[in-house]
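Working notes, structure below.
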Amino acid sequence: ELLALVLHGFVHHELDSLLQYVDIALLSLEPSIDWDYVTRWCREARVTKLFWSALGLVNSFLELGLQQRCKAWELSDFAPCPATSRAYLAPLFGADSRRHFVERRRHLLGVARNPWLKLMQTLRFASVDELQKFLWPRAEFKPQK
């Protein structure tokens, strides 16, 4: 459940809701989480950077202290830099900007697992939806009918 929540929330929603952070935090603090299994699963699915980076965002924002609870914690390898953390938090507080948008896209390229996915991600950035988000970062774009 934690794997699905983190990966879905990050890949499809870019952790754009405070509720996603809270849900991930609550699950990640569950004592029964088998962190060794999580680590193995991420490696086998080749989503290690993506998962630990997203969990690192939640951990740093909510100060969960997961690095003390999880022996397999890989935060040191995949921790988002402060600028990236600010870029993901900005929309939650109504402070999104083009700079934050670009930083989030840079981070998405950084967690892509291979050059092919980086290329596909870059092409996706040229879509109409992405361009609208870049041009109007603080509001939903509503085309005129």
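We number each residue from 1, following the sequence as shown.
Inter-residue side-chain proximity for C42 and L50 is flagged as unmet; no heavy-atom pair is nearer than 4.5 Å. Annotation: side chain of L64 is not in contact with side chain of Y21 (no heavy-atom distance under 4.5 Å). Under the 4.5 Å side-chain criterion, counting only non-hydrogen atoms from C-beta, V11 is not in contact with V47.
Taking both residues in full, the closest heavy atoms of P80 and S53 are given as CG-O, 3.5 Å, listed atom of the first, atom of the second, then distance. Contact record, L27 with E1: CD1-CG, 3.8 Å, taken as the closest heavy-atom pair. Closest approach of A83 to E103, counting heavy atoms only: O-CG, 3.7 Å. The two atoms that bring S28 and L55 nearest to each other are CB-CD1, 4.2 Å, heavy atoms only. Taking every heavy atom of both residues into account, A25 and V58 meet most closely at N-CG1, 4.2 Å. Annotation for N59 and L66: closest pair OD1-N, 2.9 Å, computed over non-hydrogen atoms.
No donor-acceptor pair under 3.5 Å is formed between the side chain of D16 and the backbone N or O of L92.
Residues L19 and F61 fall into different hydrophobic clusters, defined by Ile, Leu, Val, Met, Phe, Trp and Tyr side chains chained together at heavy-atom separations under 4.5 Å. Follow the hydrophobic side-chain contacts under 4.5 Å out from L89 and you reach L18 in the same cluster. Note: the hydrophobic cluster containing W116 does not contain V111 (ILVMFWY, side chain heavy atoms under 4.5 Å, direct or indirect links). With hydrophobic clusters built from ILVMFWY side chains whose heavy atoms lie under 4.5 angstrom apart, L7 does not share a cluster with M120. Put simply, L29 and L2 are part of the same group of oily side chains (I, L, V, M, F, W, Y) that touch within less than 4.5 Å, one to the next.
Distance check, rounded to the nearest 0.5 Å: CZ of R40 to CG of D36 gives 6.0 Å. Summarising the geometry, atom OG1 belonging to T122 is positioned 11.5 Å from atom CZ belonging to R105; distances are rounded to the nearest 0.5 Å. Between the OG atom of S127 and the NZ atom of K133 there is a distance of 7.5 Å, given to the nearest 0.5 Å.
Between W35 and W52, the ring-plane angle classifies as tilted under the 30° and 60° cut-offs. Using cut-offs of 30° and 60° on the angle between ring planes, the pair H107 and F10 is perpendicular.
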Problem - side chain to side chain contact (heavy atoms under 4.5 Å, CB included) assessment of L117 paired with R46 - result: CA-CA 12 Å; L117 288 176; R46 297 181 4 201; 6.0 Å; no
Exercise for the section: For side chain to side chain contact (heavy atoms under 4.5 Å, CB included), just list the numbers for T84 and R106, CA-CA rounded to whole Å, side-chain angles, deciding distance to a tenth of an Å, and then say yes or no. Expected result: CA-CA 9 Å; T84 300; R106 186 200 62 75; 3.0 Å; yes
Exercise for the section: For the pair E14 and Q20, evaluate side chain to side chain contact (heavy atoms under 4.5 Å, CB included) and give the outcome as yes or no after the intermediate values. Expected result: CA-CA 10 Å; E14 294 182 28; Q20 289 171 328; over 6 Å; no
Exercise for the section: Applying side chain to side chain contact (heavy atoms under 4.5 Å, CB included), run through D96 and R104 and close with a yes or a no. Expected result: CA-CA 11 Å; D96 204 8; R104 288 191 303 271; 2.9 Å; yes
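Between the side chains of R113 and T48, not a single donor N or O lies within less than 3.5 Å of an accepting N or O.
The number of heavy-atom neighbours closer than 6.0 Å to CZ of R124, taken from other residues, nucleotides and ligands shown, is above 12.
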